[in-house]
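Comments concern the structure below.
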Amino acid sequence: MFWMVDLPALDGRRYVYRVYAPREALPGDLFWAAFHCHDESGRPRASDRFDSARIRWAGDGTTGRRKN
């Protein structure tokens, strides 16, 4: 089961990360998991604003969104 977390970065791009977590995971936990993964990648800094992330469930083929 996984989520797709889309983070905007200072270079104007959006980076998408797959976060493995159950459907009941908290949005904040999903955001920080993706943010820390991005931080370790050496890419341009991602925004640390939670409300700028796009989080959606992708683990079972549904496309229901969790956060904008």
Side-chain angles (χ1 to χ4, degrees):
M1 298 189 289
F2 63 93
W3 295 84
M4 300 304 288
V5 181
D6 176 333
L7 302 174
L10 295 180
D11 64 356
R13 295 181 180 177
R14 296 192 71 93
Y15 293 90
V16 180
Y17 294 90
R18 183 180 296 182
V19 176
Y20 291 94
R23 191 164 185 116
E24 301 79 29
L26 298 173
D29 292 338
L30 299 167
F31 169 79
W32 284 113
F35 183 80
H36 288 299
C37 182
H38 182 85
D39 248 7
E40 294 172 0
S41 71
R43 294 188 172 108
R45 180 135 175 94
S47 172
D48 60 0
R49 293 188 50 194
F50 174 74
D51 61 347
S52 67
R54 295 179 188 152
I55 302 171
R56 70 178 175 88
W57 173 251
D60 61 5
T62 65
T63 58
R65 287 186 166 205
R66 179 75 171 256
K67 172 124 176 63
N68 72 349

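Any value given below was found using the heavy atoms of this structure, including those in side chains, with hydrogens, waters and symmetry copies removed. Not measured: the values here are computed from a predicted model.
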Subject >> Arg14 CZ to Ser52 OG distance, which is reported to the nearest 0.5 Å >> reply: 6.5 Å
**OP:** Going by the side chain to side chain contact (heavy atoms under 4.5 Å, CB included) test, name the single residue among Leu7, Asp6, Val16 that passes it with Arg54.
**Re:** Asp6
Original post:
What is the minimum heavy-atom distance between Phe35 and Ala46, and which atoms define it?
Top reply: CE1-O, 3.5 Å
**OP:** Working to the nearest 0.5 Å, report the span between CH2 of Trp32 and CG of Asp48.
**Re:** 5.5 Å
Original post:
Can you name the closest pair of heavy atoms from Leu30 and Ala25 and give their distance?
Top reply: CD2-CB, 3.8 Å
Original post:
Got more than 12 heavy atoms from elsewhere within 6.0 Å of CZ, Arg13?
Top reply: no
Subject >> Test side chain to side chain contact (heavy atoms under 4.5 Å, CB included) applied to Trp3 and Trp57, Phe31, Tyr20, the passing residue >> reply: Trp57
**OP:** Provide the closest heavy-atom pair for Met4 versus Ala58 in the form atom of the first, atom of the second, distance.
**Re:** CG-CB, 3.6 Å
